[in-house]
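Reviewing the structure listed below.
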Amino acid sequence: RKEVEQDPGPFNVPEGATVAFNCTYSNSASQSFFWYRQDCRKEPKLLMSVYSSGNEDGRFTAQLNRASQYISLLIRDSKLSDSATYLCAVRTSGTYKYIFGTGTRLKVLA
Amino acid sequence: DVKVTQSSRYLVKRTGEKVFLECVQDMDHENMFWYRQDPGLGLRLIYFSYDVKMKEKGDIPEGYSVSREKKERFSLILESASTNQTSMYLCASSLKGNGYTFGSGTRLTVV
């Protein structure tokens, strides 16, 4: 089993839709979690961190479920510009390195 | 904003050449990382460094080495380039356990 897993998609959704992605992790000692956005042929860019209590940034909501060992990203009112690949990143306590999922591709359709 | 600069956006090298990929960050971050990204395999950690002159192997260090002589600079070296090292190489830096800032990447083709 991979340490960090994501559904590769693509998720094809119409503009204005709500879409959610999950990312599962296998190490229960995982401590820090982030979501990144990566546009085609570009570098990943930090989208948001994921806190235990859940956090929101505009149309984006990130949540952590420690019991089931997954994090989620919810995008409301999808825009064409949200089309990208979304990567999750997980860090285990005692290290500063992150393990990345392979990403979930989102296509928002007009 | 932190800036992570990679010296080349595109490189084409011949099999057997020694290749240097340079990465410089401007925010005094202790941690620096080299990843490669391949379709279907995602980001895989090659080497990382938590301090000057310090280096640690990541998940796929074979065929690579690194150098960190100054805090702001982390170099990746392909000792003898091979075609299976054709990939997108991404450098990243971070402050302690915070999220990464990535450079814009170097797309290396080995022919």
Side chain from CB out, backbone as N, CA, C, O: work out which of these in [X] comes under 4.5 Å of a heavy atom of chain A, or both, or neither.
X: B:Gln37; answer: side chain
X: B:Tyr100; answer: both
X: B:Phe102; answer: both

Against chain B, label [X] side chain, backbone, both or neither, depending on which of its atoms sit under 4.5 Å from a heavy atom there.
X: A:Phe34; value: side chain
X: A:Thr85; value: neither
X: A:Gln31; value: neither
X: A:Phe33; value: neither

Option passing side-chain contact (heavy atoms from CB on, under 4.5 Å) with A:Glu43 (candidates B:Val4, B:Thr101, B:Leu90):
B:Leu90
I'd like to know if [Y] and [X] are part of one continuous hydrophobic network [Ile/Leu/Val/Met/Phe/Trp/Tyr, side-chain heavy atoms within less than 4.5 Å].
X: B:Leu11; Y: B:Phe74; value: yes
X: B:Met27; Y: B:Phe33; value: no
X: A:Leu73; Y: A:Leu80; value: yes
X: B:Leu76; Y: B:Tyr50; value: no
X: B:Leu95; Y: A:Val50; value: no

Choice from B:Gly42, B:Gly105, B:Gly99 maximising heavy atom contacts with chain A below 4.5 Å:
B:Gly99
Flag yes if more than 12 heavy atoms outside [X] fall under 6.0 Å of its [atom1] atom; otherwise flag no.
X: B:Gln85; atom1: CD; result: yes
X: B:Lys71; atom1: NZ; result: yes
X: A:Arg105; atom1: CZ; result: no

Locate the shortest heavy-atom distance separating [X] from [Y]; write the atom from each residue and the value.
X: B:Arg9; Y: A:Lys42; result: NH2-CD, 4.4 Å
X: B:Leu43; Y: A:Leu87; result: CD1-CD1, 3.9 Å
X: B:Asn98; Y: A:Tyr98; result: O-CE1, 3.6 Å

A:Arg41/B:Arg107 under side-chain contact (heavy atoms from CB on, under 4.5 Å): CA gap, chis, key distance, verdict
CA-CA 9 Å; A:Arg41 303 183 78 81; B:Arg107 194 165 290 275; 3.2 Å; yes
Value rounded to 0.5 Å, distance of CZ in B:Phe48 from OG1 in A:Thr95
5.0 Å
OG of B:Ser94 to NZ of A:Lys97, rounded to nearest 0.5 Å, is 13.0 Å
Test of ring centre spacing under 6.0 Å for B:Tyr35 and A:Phe100
yes
